[in-house]
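Beneath this line is the structure, given in structure tokens, with notes to follow.
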Amino acid sequence: MSDSMDYFGSENEIFRNKELLQVSHLPDGDRIIGREDELSDLANAIKPATRGNTPNNVLVYGKTGTGKSLCSKFITTQAVERAERNDVSIGVAYVDCLQESTETQAVQSAGHQLNDQPETDISIPHSGLSTSEYYRRLWRIIDTRYDVALIILDEVDKIEDDDILMQLSRAVESGKLTSSTVGVIGISNKVRYKDSLDERIKSSLCEREYVFSPYDATQIREILRSRSDAFHEGVLEDGVVPRVAALAAREHGDARKAIDILRFAGEIAEENDLETVTEDCVDQAHEREETSRLAELISKSPSHAKLVLEAMALLTQQKEGDDAPVTTNEAYDLYKRLCERDQSDHLKLRRVRDILSELEFLSIIEQERKWAGKGKGNYMENRLIDDPAVILAACNESE
DNA sequence: CCAGATTTCCATAAAAACTAGA
DNA sequence: TCTAGTTTTTATGGAAATCTGG
């Protein structure tokens, strides 16, 4: 795992093993810092699964970068290993509900991860089946391959339909599964999420609830140190780790952000051919980090959403104030011209309105409906949350 | 046939401007 | 002059229809 071949060894003085700085990197047991209580809570809830019994369904709350996904993935892989010793087979599916935002897609994804076509002779086509057929196949796969299936639903609050929670959390009692059982781990950033749930779902999904608190400054520093093996000996200057930690602390102790910044700092040192990673690199890395999350979001968006955003960014730049609002019609007119530029046909206004509200949902823009009075009707003000220049860069980058 | 994307159609909200009544 | 009620307007957003790729 951690012995990737270093083909450019002599030239690459900065990184020894960059994988350690991948946020999704699963550290060894002793490398999850400051989450001991959370891990044992989770382990407790999952425990029955290792003996082939139905685990407790869990709902995990916490702000971004508090280790929710990491701990969930970690504890489930541990559970799989432990279960093997008891001759129990556990299957784990990790569904990112931000990507798989509908019930069907989520079930499809879970099925795909748990499946092994040669063994089960069940195929999970990318599309074309009814939702219920995806469910049927999922149940069959679980029944044939596993004793217990653990399904992690990351960012559950982003899913449009509550039905999947109902189906999964009650699969056993409703007799969909005969020889197996299912456990659900729901992860959400919103503490309020539970309130929006149907009573029946609440009672079955929320058997256990845990809140992950933000890391404090000391823990962030520890996390960074534990991952500094990613760098060669002595490459990190003394001030670097504290400086990164300080930046992350400003952001409610977001460990993901801290790790990203550290990685970018290394990359910047590398690009500039420096011997060491300096505090200066960290400051530049901070800026790059702010851009990168946005760029990632944008690059995953459909092309027309990018054009709408581009139109908004251009219009915002044209206007005087920094956060000048743009009306939907202004944006739509420019969007149409951008489509002509790309010689593709434009979407209709109604669809663009929906795209704008999707962008609002992703916290890329803010919307406010305004009324102008008699004879003037109403209009929507859309304003970019981030710097238009950054948006434009992100739009162009992902062509 | 299915889900998901897009289009078509249309009732509606809200507040300044206008009107009638006091 | 002040008040209460009515008019006017348009983008919005819900719902249904239609299209598309598999």
Side-chain angles (χ1 to χ4, degrees), chain A residues 93 95-113 115 117 121-141 153 155-168 176 196 297-312 315-316 319 324-340 342-384 398:
Chain A
V95 179
D96 179 4
C97 301
L98 194 62
Q99 297 302 303
E100 330 293 343
S101 56
T102 68
E103 183 187 8
T104 314
Q105 288 171 342
V107 178
Q108 188 262 336
S109 166
H112 186 73
Q113 290 178 57
N115 196 17
Q117 197 166 347
D121 200 29
I122 297 173
S123 70
I124 301 286
H126 185 266
S127 66
L129 300 183
S130 67
T131 307
S132 55
E133 181 57 25
Y134 278 116
Y135 273 118
R136 267 195 287 279
R137 296 192 185 188
L138 176 64
W139 304 141
R140 270 219 325 276
I141 289 166
L153 297 174
E155 317 229 27
V156 258
D157 44 300
K158 298 287 157 58
I159 210 148
E160 293 164 354
D161 208 327
D162 285 354
D163 247 24
I164 185 170
L165 300 172
M166 190 66 167
Q167 296 288 337
L168 291 179
K176 297 286 169 48
S196 66
L297 257 183
I298 292 175
S299 71
K300 284 178 183 168
S301 304
S303 61
H304 282 280
K306 287 180 205 163
L307 287 172
V308 172
L309 255 183
E310 190 177 349
M312 276 196 60
L315 284 167
T316 308
K319 307 207 173 187
V326 175
T327 69
T328 302
N329 281 335
E330 289 170 327
Y332 185 59
D333 284 342
L334 182 51
Y335 156 78
K336 277 194 290 193
R337 271 187 277 147
L338 291 178
C339 285
E340 281 174 34
D342 295 1
Q343 26 194 323
S344 65
D345 20 32
H346 61 81
L347 298 172
K348 291 293 166 57
L349 177 59
R350 181 65 184 82
R351 178 66 188 129
V352 170
R353 279 207 282 265
D354 276 344
I355 287 179
L356 284 168
S357 46
E358 282 160 24
L359 290 173
E360 186 198 30
F361 184 73
L362 291 172
S363 303
I364 297 176
I365 69 171
E366 274 172 344
Q367 294 188 300
E368 188 182 3
R369 195 164 173 182
K370 296 262 182 157
W371 275 267
K374 174 161 178 167
K376 297 205 163 70
N378 68 140
Y379 59 94
M380 185 73 91
E381 281 188 346
N382 307 276
R383 63 168 56 72
L384 291 173
S398 56

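Quick caveat: nothing in here was measured; it's all calculated off a predicted structure. Numbers restart at 1 for each chain; the letters A, B, ... are given by sequence-line order, proteins then strands.
- Taking a 6.0 Å sphere around NZ of A/K376, one finds it holds 12 or fewer heavy atoms contributed by other residues, nucleotides or ligands.
- Within 4.0 Å (heavy atoms only), A/T131 reaches sugar-phosphate atoms of the nucleic acid but no base atom.
- In this structure, A/E381 places its CD atom 14 Å from P of C/dA11, rounding to the nearest Å.
- With hydrogens and angles left out, the side chain of A/N378 and the base of C/dT10 share a donor-acceptor pair within 3.5 Å.
- Between A/D333 and A/K336 the shortest side-chain heavy-atom distance falls below 4.5 Å.
- In this structure, the separation between OH on A/Y135 and CD1 on A/I164 is 4.5 Å, given to the nearest 0.5 Å.
- One interatomic measurement links the two molecules: NZ of A/K374 to C1' of B/dA14, which rounds to 14 Å at whole-angstrom precision.
- As a whole-Å value, the separation of A/Y379 OH from B/dA16 P is 11 Å.
- Contact of the A/Q108 side chain with the A/I124 side chain is registered, since non-hydrogen atoms from C-beta on lie closer than 4.5 Å.
- Taking only side-chain nitrogens and oxygens, A/T102 never comes nearer than 4.0 Å to OP1 or OP2 of B/dA3.
- Backbone-only contact: A/Q105 has heavy atoms under 4.0 Å from sugar-phosphate atoms and none from a base.
- Here the side chains of A/L153 and A/L165 are in contact, with some heavy-atom distance below 4.5 Å.
- Between A/K376 atom NZ and C/dT9 atom P the separation is 11 Å, expressed in whole Å.
- The only member of A/R351, A/K300, A/K158, A/R353 that meets salt bridge (Lys or Arg N to Asp or Glu O under 4.0 Å) when paired with A/E358 is A/R351.
- In this structure, CH2 of A/W371 is placed 18 Å from C1' of C/dT7, rounded to the nearest angstrom.
- We find that CG of A/N382 is positioned 11 Å from C1' of C/dA11, with the value rounded to whole Å.
- Across B/dA3, B/dA17, C/dT12, the shortest atom-to-atom separation from the side chain of A/T328 is found for C/dT12.
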For nucleotides 13-22 of chain C, read 5' to 3', which letter fits each nucleotide if B means a protein heavy atom sits under 4.0 Å from the base, S means only the sugar-phosphate is that close, and - means neither? BB-------B
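- Atom CG in A/N329 sits roughly 11 Å away from atom P in C/dT10 (whole-Å rounding).
- For A/S109 (side chain) and A/Q105 (main-chain N/O), no donor-acceptor pair under 3.5 Å exists by modelled atom type.
- Spacing between atom CD of A/Q99 and atom P of B/dG4 amounts to 15 Å, rounded to whole angstrom units.
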